[in-house]
S.K.: 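Next up is a structure, given as structure tokens.
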Amino acid sequence: MRYTSALIPTLKEAPSDATSQSHILLLRAGYVRRVGAGIYSYLPLGVRVLRRVERVVREEMDRAGALEVSLPALLPSEYFKETGRWDVFGDILFRLKDRKGSDYHLGPTHEEIITDMARREIHSYRDMPRNLYQIQSKFRDEPRPRGGLLRCREFSMKDAYSFDSSEDAARASYEKMRIAYTRIFDRMGLTYRMVSADSGAMGGSGSAEFQVLVQSGEDFIAACSSCDYAANLEVAETPARAPTGDGSQLPPRERVSTPGQRTIEEVSTFLRAEPARFLKSLLYVAGTEVVMAVVRGDHELNEIKLARALGVGDVFLASEEDVRKATGAAVGFAGPVGFAGKLLVDRDAMNVIDGITGANETDAHFIHVQPGRDFEARVADLRSVKDGDPCPSCGQTLKVYRGIEAGHIFLLGTHYSDKMGATYLDESGTSRPIVMGCYGIGVSRLIATTVEQFNDSDGIAWPISLAPYQVHVVQLGAEPEVVAAVTELERELEARGLEVLVDDREERPGVKFKDADLIGVPLRITVGKKALDRGGVEFKPRSERDPKKAELVLLGDAADLAAQWVKDRLAALTPESSP
RNA sequence: CGGGGCGUAGCGCAGUCUGGUUAGCGCACUUGACUGGGGGUCAAGGGGUCGGAGGUUCGAAUCCUCUCGCCCCGACCA
């Protein structure tokens, strides 16, 4: 592609509403443009990257035996009404009516539609296993789209669904997808972790997220530094701490005045006691009930764990009014001692010796509190793991990272097939529900995620597998020998199957180099009179920051060297081919 | 949904508080000259319903009301 025929509108300045690195760079380098909140157009470069991501995903899905289908994005409401998700999805659904007034919506995900396909077309155990996938636009009216392509209202997703005749077979299908996913992310060169996660609203028994580790990530994950344990902070575990001492000689608890001292930080400064001795008492509404949850002052309560311990779907922090009603004190002075309602205490909080807690009386706390002596409670794992906690699987240290969820695989079981009557006949002629799994990859999100991980102060530096072009030829000057060399080089590179961008603009060298760095094509070959006089052209990988490190190669060798360079880079990312 | 902020040329912004020539600046764009290995210089240009509607006024980008859009933070860790 000749730059003078291309549409690559690079910008010196980023639009002011772009915040994340990927958003800024994808806009500046001319890959995408914003059309509305969380809605983007792809310019030619953007489409090329999108196709690259899709290609890797398709190749690995096909390798794993999945079959590509295409489901509609515009959906009549009846399917989501069948499973109840017409209501469950709430405001996330983009809803619309047709001219007759019937309800429709744009598909946020396609379990129902694919289950409908399965119940129509899969009738026998002989028809399974099957795995159907598609790459398609999804629509979700996100409460807050953000980060450019990271969280959009219209986005491209690969979604796959497996159909099996038993739990065991479904687990095997799930395992195949797990392997396919690791191959996909490996081929993209991403630094990521597969983590266990909350299966949330999807229902089902098992799930794993593929989290790409980047500073700007929305999710927190805990990963072990020595074994392969990794989990979303929502569900990450750590063993309970042993009691720090012996509480048997502790003096009786004592009420102390703490006027206006509400937060752990304030009270801990006021009483000169470290936060780990505090019993942080939070009031939550679970269903119709107000419950008190207690964690150590230096720990964070995990709402998902609390909800699970209570056997409810969701918990909400109680309002100021509810706190007063339940404890008889202002917010900031709640405590488990003498609390009349339902009380849950974290394991580590239960092991605190000589604790401090609110006295359920405004401007007062208790000191010398001993769990078990001063109050009894139901004990559970309620707190989030924090940096430095021991790993539940090997005992080494956990570290907390930020990540972007790029993929998620679920074992669904028979959740959807039960609701929608997707059954098959087994060998004995008995009708049974199909066992399902579902597997998503955020295709457009991966573009942004990749840029988050592969950029520097000059621009993007694509991994070879996703780059819009593999070679960027920079033509300097318009002398006949330069033009001839560029034309010859372009032909030779393309003859070797490489995708080439040739900057043939009448621009100053500085402009061309800046644009090349911004766009991020992995290999740059500079053709100018200077180098030609020395017999060649200059090679420089985008990842090499120092311009002086450009390597002079003979013009006649350039195409072969470039082809080899690209091949080596691709090979480095490609996992061993498994049978 | 709560809080904050912003809509003026393709992009980045000034002007708005304190109403008053023809609405400015930088980048980008067009033309020309010089220049020519990391975002050059000079000159001459083109480009604006000042988000929209209504109102106040002799006069509105500026004041008032309504409205639309967008961005950020938060969505409760006492």
Side-chain angles (χ1 to χ4, degrees), chain A residues 9-20 23-24 27-28 30 33-39 90-91 143-148 258 260-268 275 278-285 292-303 305-306 314-320 322-324 326-327 329-335 346 349 357-360 362-363 365 382-384 386 457-459 474-479 482 503 505-518 524 526-534 537-538 540 545-548 550:
Chain A
T10 58
L11 305 169
K12 279 191 185 174
E13 285 179 288
S16 58
D17 53 13
T19 47
S20 67
H23 194 191
I24 291 168
L27 287 169
R28 282 194 55 212
R33 290 292 184 258
R34 197 187 69 88
V35 171
I39 307 172
D91 291 337
R144 200 179 142 200
R146 67 183 96 183
T258 51
Q261 312 294 310
R262 292 156 185 275
T263 65
I264 296 294
E265 200 183 2
E266 285 165 1
V267 185
S268 105
F278 283 73
L279 300 169
K280 184 156 72 178
S281 309
L282 308 165
L283 287 142
Y284 273 88
V285 178
M292 181 181 285
V294 179
V295 296
R296 234 166 64 174
D298 59 332
H299 290 162
E300 299 295 330
L301 183 96
N302 182 314
E303 293 183 358
K305 289 183 180 179
L306 176 61
D314 250 331
V315 293
F316 304 93
L317 205 62
S319 66
E320 220 170 301
D322 285 337
V323 172
R324 269 179 200 281
T327 65
V331 169
F333 304 96
D346 180 65
T357 181
N360 294 324
T362 303
D363 296 340
H365 280 77
L382 297 180
R383 71 149 172 123
S384 288
K386 65 177 191 176
S457 55
D458 291 319
V474 176
Q475 173 188 327
L476 297 186
E479 295 87 348
V482 172
D503 192 347
R505 293 175 299 172
E506 287 181 36
E507 286 286 355
R508 301 170 65 83
V511 172
K512 295 190 172 193
F513 291 140
K514 287 290 184 190
D515 276 339
D517 286 347
L518 186 57
R524 189 180 85 192
T526 306
V527 182
K529 193 150 187 322
K530 264 190 193 176
L532 282 180
D533 288 347
R534 288 159 59 206
V537 296
E538 291 153 273
K540 191 184 83 64
R545 299 295 305 277
D546 184 355
K548 294 196 177 60

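Quick note on labels: first sequence line is chain A, next is B, and so on, each numbered from 1.
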S.K.: Atom NZ of A:K305 and atom P of B:C77: how far apart are they, to the nearest Å?
M.R.: 18 Å

S.K.: May I ask which nucleotide in the shown strands pairs with B:C34, Watson-Crick or G-U wobble, both distances under 3.5 Å?
M.R.: B:G40

S.K.: Can you tell me how far C1' of B:G38 sits from CG of A:D517, to the nearest Å?
M.R.: 8 Å

S.K.: Kindly point out which of B:C77, B:G38, B:C70 is positioned nearest to the side chain of A:L317?
M.R.: B:C77

S.K.: Between the side-chain atoms of A:D515 and the base atoms of B:G39, is any donor-acceptor pair under 3.5 Å?
M.R.: yes

S.K.: Whole angstroms only, please: what is the CG-P distance between A:D503 and B:G39?
M.R.: 15 Å

S.K.: Does atom CZ (A:R33) have a neighbourhood of more than 12 heavy atoms from anything else shown, all under 6.0 Å?
M.R.: yes

S.K.: Grab the NZ-P distance between A:K386 and B:C77 for me, whole Å please.
M.R.: 17 Å

S.K.: Starting from P on B:U35, measure out to CD on A:E507 and report it in whole angstrom.
M.R.: 18 Å

S.K.: Which nucleotide wins on minimum distance to the side chain of A:K280, given the candidates B:G37, B:C77, B:G38?
M.R.: B:C77

S.K.: Mapping A:Q261 and A:E538 to their closest nucleotides on RNA chain B, which lands nearer the 5' end?
M.R.: A:E538

S.K.: Kindly say whether, by distance alone, the side chain of A:R505 makes a donor-acceptor pair under 3.5 Å with the base of B:G36?
M.R.: no

S.K.: Rounded to whole Å, please give me the gap between CG in A:D322 and P in B:C77.
M.R.: 16 Å

S.K.: Return the pairing partner of B:G46 with a 3.5 Å limit on both distances, Watson-Crick or G-U wobble; otherwise return none.
M.R.: none

S.K.: Can you give me the N/O atom pairs linking the protein to nucleotides 40-50 of chain B at distances under 3.5 Å, or say none if there are none?
M.R.:
from	atom 1	to	atom 2	distance (Å)
B:G40	N7	A:R508	NH1	3.4

S.K.: For a quick check, with a 4.0 angstrom heavy-atom cut-off, what is the B/S/- contact string for nucleotides 1-12 of chain B, read 5' to 3'?
M.R.: ----------BS

S.K.: Rounded to the nearest angstrom, tell me the gap between atom NZ in A:K514 and atom C1' in B:C27.
M.R.: 16 Å

S.K.: Quick one: do A:R545 and A:D458 make a salt bridge, cutoff under 4.0 Å?
M.R.: yes

S.K.: In Watson-Crick or G-U wobble terms, both distances under 3.5 Å, what is the partner of B:G74?
M.R.: B:C1

S.K.: Applying a 4.0 Å non-hydrogen cut-off, can you work out what A:A37 is touching in the nucleic acid: base, sugar-phosphate, or nothing?
M.R.: sugar-phosphate

S.K.: Between A:A550 and A:R34, just flag the one whose closest nucleotide in RNA chain B comes earlier from the 5' side.
M.R.: A:A550

